[in-house]
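Got a structure for you, questions after.
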Amino acid sequence: MKLEINGISKTFRGGYQALDQVSLTFSPGEMVALIGASGSGKSTLLRHISGLIAADAGDNQILFGSRPVQANGVIGQHIRQLRSQIGFVFQQFNLVGRLPVLTNVLTGGIARIPLWRSCFRIFTAEERAAGLAALARVGIAEHAYKRASALSGGQQQRAAIARTIVQRANMILADEPIASLDPESARRVMQTLADLNRQDGTTVLVSLHQVDVALRFCPRTVALSKGRVVYDGPSNQLTESMLRELYGAEADELLSAAPVPNTADLPVEHLPLSALAAAA
Ligand code: ADP
Ligand code: MG
């Protein structure tokens with residue numbers, strides 16, 4: 001489903017304007033990086049898209065499919081239903097650590113499961129099989145019955161992605177999913193998101209701190225600075241000089257990241273093409 005963001009501004013209490021007239025359109029099946037220095041508004045934008053925060057009043061809207069997530073500063077009536085189609089992946093994984101990995105993953109299907117069953121965490125054989133298949137797909141099936149807290153950060157993040165598979169989300173919003181991971185775990189998490197995007201056509205919108213990762217995995221990049229969209233286009237056309245111009249002193253924050261290794265398994269169109277990547 002298409003995601004349309006029209007004229008979204010957000011001023012928090014205290015007067016800080018975190019988003020300034022953001023308008024963006026995402027087609028079904030896109031994989032887009034949302035980059036920007038700390039405080040540029042990435043999380044705030046993702047929270048607006050998920051209907052967790054209402055924008056300032058005014059002539060603005062966010063539509064998913066043709067239905068409003070929010071309009072004119074008011075959250076849409078059907079937000080629960082819309083949200084059931086959107087998978088969320090957060091920096092801190094958001095799993096229940098004391099519960100088995102499989103149980104965490106099965107909660108992705110909760111919108112389709114009768115309340116009494118989900119309350120008691122009773123799942124059918126079919127649901128469990130779907131959960132195990134999702135875990136196999138993200139490469140951690142052997143950990144299904146461990147407590148989530150026993151997994152490494154990268155494995156927990158892949159479990160969080162498996163949960164969106166069980167949810168049958170047709171869009172994934174990932175807010176800095178690799179920010180607390182080592183480079184190899186980061187690469188695997190990004191590769192898992194890219195596989196879902198290419199094989200299932202899941203739309204992926206992923207906020208990142210690092211330009212090099214955006215370049216490697218996302219054909220399109222949206223760059224925010226101080227709540228404004230300062231670039232929206234092919235990732236491989238972002239250059240270091242453009243970033244320095246757009247971000248000034250903040251550019252170092254975006255350019256200093258350690259490169260993600262092993263691009264050999266990526267198709268050619270996702271390989272870093274610009275001088276920036278060559279320099280990384
Ligand atoms: P990013 O995710 O790019 O680091 P955020 O979207 O978290 O940036 O924050 C953008 C700006 O909005 C920051 O200056 C932050 O302090 C401010 N901000 C975010 N959430 C709130 C809030 N609930 N109340 C007040 N200010 C906020
Ligand atoms: Mg953030």
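As the structure lists them, so they are numbered: ligands from 1, and atoms in each ligand from 1.
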**Report entry** Pairwise side-chain contact, L135 with H143, heavy-atom cut-off 4.5 Å (strictly under)
**Finding:**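 Heavy-atom side-chain distance check fails, nothing below 4.5 Å.
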**Report entry** the Mg ion (ligand 2) neighbourhood, protein N/O/S only, threshold under 2.8 Å
**Finding:** S43 OG
Query raised in the report: salt bridge (Lys or Arg N to Asp or Glu O under 4.0 Å): which pairs involve residues 124-134, sequence neighbours left out?
Result: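 Counting only pairs at least two positions apart or across chains, the salt bridge (Lys or Arg N to Asp or Glu O under 4.0 Å) contacts touching residues 124-134 are R117-E127.
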Query - R137, CZ: over 12 other non-hydrogen atoms inside 6.0 angstrom - result: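 Yes, because the 6.0 Å sphere around CZ of R137 holds more than 12 heavy atoms from other groups.
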Query raised in the report: Do you see a donor-acceptor pair shorter than 3.5 Å between the side chains of T11 and D56?
Result: yes
Query raised in the report: Going by the salt bridge (Lys or Arg N to Asp or Glu O under 4.0 Å) test, which pairs reach into residues 9-35, not counting sequence neighbours?
Result: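 As it turns out, the salt bridge (Lys or Arg N to Asp or Glu O under 4.0 Å) pairs with a partner in residues 9-35, which skip direct neighbours, are D20-R228, E30-R220.
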Query raised in the report: Taking C-beta and beyond as the side chain, do H209 and E253 meet within less than 4.5 Å on heavy atoms?
Result: yes
Requested in this report: Take T202 and N170 through the test side-chain contact (heavy atoms from CB on, under 4.5 Å) and record every step on the way to the result.
Outcome: CA-CA 5 Å; T202 308; N170 46 38; 5.6 Å; no
Output block, N or O contacts of ligand 1, threshold 3.5 Å exclusive:
| unit_1 | atom_1 | unit_2 | atom_2 | d |
| --- | --- | --- | --- | --- |
| ligand 1 | 2 (O) | S43 | N | 2.9 |
| ligand 1 | 2 (O) | S43 | OG | 2.9 |
| ligand 1 | 3 (O) | S40 | N | 3.2 |
| ligand 1 | 3 (O) | S40 | OG | 3.3 |
| ligand 1 | 3 (O) | G41 | N | 3.0 |
| ligand 1 | 3 (O) | K42 | N | 2.9 |
| ligand 1 | 3 (O) | K42 | NZ | 2.9 |
| ligand 1 | 4 (O) | G39 | N | 2.7 |
| ligand 1 | 6 (O) | S43 | N | 3.4 |
| ligand 1 | 6 (O) | T44 | N | 2.8 |
| ligand 1 | 6 (O) | T44 | OG1 | 2.5 |
| ligand 1 | 8 (O) | G41 | N | 3.2 |

Query raised in the report: Are any non-hydrogen side-chain atoms of I5 and H48 less than 4.5 angstrom apart?
Result: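 Of all side-chain heavy-atom pairs linking H48 with I5, none is under 4.5 Å.
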**Report entry** Donor-acceptor pair, side chain of Q70 and main chain of I53, under 3.5 angstrom
**Finding:** yes
